[in-house]
Every structure is written in C-alpha cells, then in structure tokens.
2 protein chains.
Amino acid sequence: MRAFNRYYTNLIGVLDKDYLETQYTLTEARILFEISLGKKNASEIIEAMRIDKSYLSRVLKKFEKNKLIIKSKSGKDARTSQIGLTAKGKLELNALNTLADKQLEELLRDLSATEIKQLALHMNSIMEILNQKSAS
Amino acid sequence: MRAFNRYYTNLIGVLDKDYLETQYTLTEARILFEISLGKKNASEIIEAMRIDKSYLSRVLKKFEKNKLIIKSKSGKDARTSQIGLTAKGKLELNALNTLADKQLEELLRDLSATEIKQLALHMNSIMEILNQKSAS
DNA sequence: TCATAATAGTTGACTTAGTCAACCATTATT
DNA sequence: AATAATGGTTGACTAAGTCAACTATTATGA
C-alpha cells in the first residue's frame, strides 16, 4: 500500500505540473470545486480540505477579486459569509475540469475499454472502503 | 475517475502534513526512497520522479551535507556521480517509512482484515493496469 | 447578564518548495 | 576540430503554504 501511495503521489505530482500553465493552482481548482459542491462558507471548505484558514482566506479573496465567487453576509451569523460561484466562476471551473479530463484521457490513452472500466471499478471500491470508515 | 483523483489528492495532502514535523518533506522522502531503490545518479531520479533538476540538485546537496548520501565520481562519465545511501541515510529512510506505516495504520484503523486485503488488491490492480500502459 | 471563552475569518510576516534561465564541464556527433 | 548535446550546479525569483496575532461576533456558564 505504501507502494500505491508513492505511486499515486507521483502521478498526482505529474498532473499537478499542468496547472503551471493555468491561472490557478491545483489547490485553487479544488477549492473552486468544493464551492461548486455547495460548500457555503470558509469553515466548511477548511473542514473538507484540511487547509490552512489564512491560506484559504487569501485564495477566496483572489477569487472574489477575479469575480469567480461572491460573498454575501448571511443574517444568521455575522462572522461568516455565504460563498457562491458566479457565472464566470462556473466557466473557470469548467475549464479546469476540462484540463482534468484531458489529463485523464492522456493517462488512459493506451488502455482498452475494459481496462478503463476495471480501473474505474477499482477506484470506486477504494473510495467506498475508505469512506465507509470515515462514516463510522 | 476525476472523483478518485480528487479524493486521493486530498488524502495525500492530509498525509503530507505529517511531514511538517519531520526534518524532511514528502518529496525529499520520496527522493531518498528512489535512491534506496538503486537510482544511481541525478538523471535517473529526475526521469523517475519528474522533478526539476535544480531542485533535485539542491536536495541532494542537503542530503550530502546531512550525510545521508555519498556521491562518488564514476570513471565512466565525469559529469555524473554515483549516489549511494549512507548508514545514516538508511536509518533516516527507515524512520520515514515508519511514519508512512503509521499513517497507513491510522487510515486503515476501522477496517476489517478482509477490507484491507481487498483494498490492497484494488491498489495493485490499478498500478498494474496503469503500468502496463507505461510499459508499452 | 456580564464576563469569559469559543468561533469565523483576516492580516502581517515569514519559510519552504519549487521554477526558470544561464552557466560550466564533460561527452557525443559530424 | 567545431558544434551540439548531456549532466549537473548556481543565482535569482515566485508561488505555496504556515504561524501567530488580531478583530468581530456569537455562545456559555456563574
């Protein structure tokens, strides 16, 4: 398993490099994605991604400046703001997803359809097994 | 599959944080590991890990200074040096491996023996499928 | 209900990790 | 022999992330 972790760390490291040509980092892309999933405020994103809150704060500020998100104070708790993707934010996220798809395509280039299907199954199984734990 | 990549990116990111308490980064640990596998010179490590050569150069310098490795000029090609782990290097690597083991243990804590076995099988399958491609 | 603690997020100052380009020295090519 | 290619190092830099201190607000408990 250590071998797999090393293997996948390497793989992700390679994929990561493509984000150099992008306006955003892999982490930023992931944050944007989390927001698109409906994470409503900073704490939730921090909880989900386990990143530093100061770092997130700055990333969100950047997003806001670039008009990818809007923050709106919710009456309920004046300390937090509700975060939502703007149209432009959705567009950017889409572009980033397209990059991820291209990377996958490249990764799977020489695989047969059945191999790809098997790969997907294995991946799903891993997530299921590990998730069940986190649900416990 | 994008989901799995995101998932595992997150997981690795979490594991990565433990290396903060270590004297070495995850990347450095991986470099050390590659050397232990018998990678003899910088080029081979670069090829295997796809990291920047200047970065690697500095890491190796640090390793050498900390006496984790020894570089020896090989008569064959005076541009390269042969890299080898010292006893201390092996020791440090061992400590880092122990950390990785602890992390795994934590990750698998609530899983049954069969689940762990299945997990390992899925991981192996993924590596096999993806590797076969790279071998082509 | 007031003081204290806890939570959410921001800011300043900093460190580390990694990048990019230029550069030597050596070896390969023609 | 000249030129190109390779292996690695160095300088200068940027980006990514961390840590601690702080403000504002909300929750808690004597």
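Note that the structure is a prediction, hence the values are computed from the model and not measured. Chain naming here is simple, since letters A, B, ... match the order of the sequence lines and numbering starts at 1 in each.
Residue-to-nucleotide proximity on DNA chain D shows that, of A:Tyr55 and B:Ile46, the 5′-proximal contact is made by B:Ile46. Nearest-nucleotide positions on DNA chain D place A:Leu26 closer to the 5' end than the other of A:Lys53 and A:Leu26. With DNA chain C read from its 5' end, the first of the two nearest nucleotides for A:Lys17 and A:Arg79 is the one closest to A:Arg79.
Residue B:Lys71 is classed as a sugar-phosphate contact, given heavy-atom separations below 4.0 Å to backbone atoms only. Here A:Asp52 lies in heavy-atom contact (under 4.0 Å) with a base. Contact annotation for B:Thr27: backbone-only contact, meaning every heavy-atom pair under 4.0 Å involves sugar-phosphate atoms and none involves a base.
The 12-atom threshold is not exceeded at NZ of A:Lys117, counting heavy atoms of other residues, nucleotides or ligands nearer than 6.0 Å.
Rounded to an integer number of Å, the gap from CG of A:Leu20 to P of D:dT14 is 15 Å. Rounded to whole Å, the distance from CZ on A:Arg30 to C1' on D:dA16 is 13 Å. At whole-Å resolution of the value, OH in B:Tyr19 and C1' in C:dT16 are 17 Å apart. In this structure, CD of B:Glu21 is placed 16 Å from C1' of C:dT16, rounded to the nearest angstrom. One atom, NZ of A:Lys73, and another, C1' of D:dA24, lie 9 Å apart when rounded to the nearest Å. Per the geometry, CG belonging to B:Asp77 stands 17 Å off P belonging to D:dA5, to the nearest Å. As a whole-Å value, the separation of A:Asp16 CG from D:dA16 C1' is 11 Å. For the pair B:Ile83 CD1 and D:dG8 P, the interatomic distance rounds to 7 Å; values are reported in whole Å.
In this structure, A:Arg109 pairs ionically with A:Glu106, as a charged nitrogen and a carboxylate oxygen lie closer than 4.0 Å.
Here the side chains of A:Leu26 and A:Ile12 are in contact, with some heavy-atom distance below 4.5 Å. The closest side-chain heavy-atom distance from B:Ser57 to B:Lys53 is not below 4.5 Å. Between B:Asn5 and B:Met1 there is no side-chain heavy-atom pair separated by less than 4.5 Å.
Taking 4.0 angstrom as the limit, A:Thr25 places none of its side-chain polar atoms (N or O) nearer than this to OP1 or OP2 of D:dA15. Between A:Ser43 and the phosphate of C:dG9, there is a side-chain N or O to OP1/OP2 separation shorter than 4.0 Å.
Rounded to the nearest 0.5 Å, atoms CD (B:Glu44) and CG (B:Leu37) are 11.0 Å apart.
The stretch residues 57-68 of chain A touches DNA chain C through A:Ser57, A:Arg58, A:Lys61, each having a heavy atom within less than 4.0 Å of the strand.
For A:Ser54, taking side-chain heavy atoms from C-beta onward, the closest of the listed nucleotides D:dA16, C:dG12, D:dG7 is C:dG12.
Note on ring orientation: taking the six-membered ring where Trp is involved, the planes of B:Phe4 and A:Phe4 are tilted (angle from 30° to 60°).
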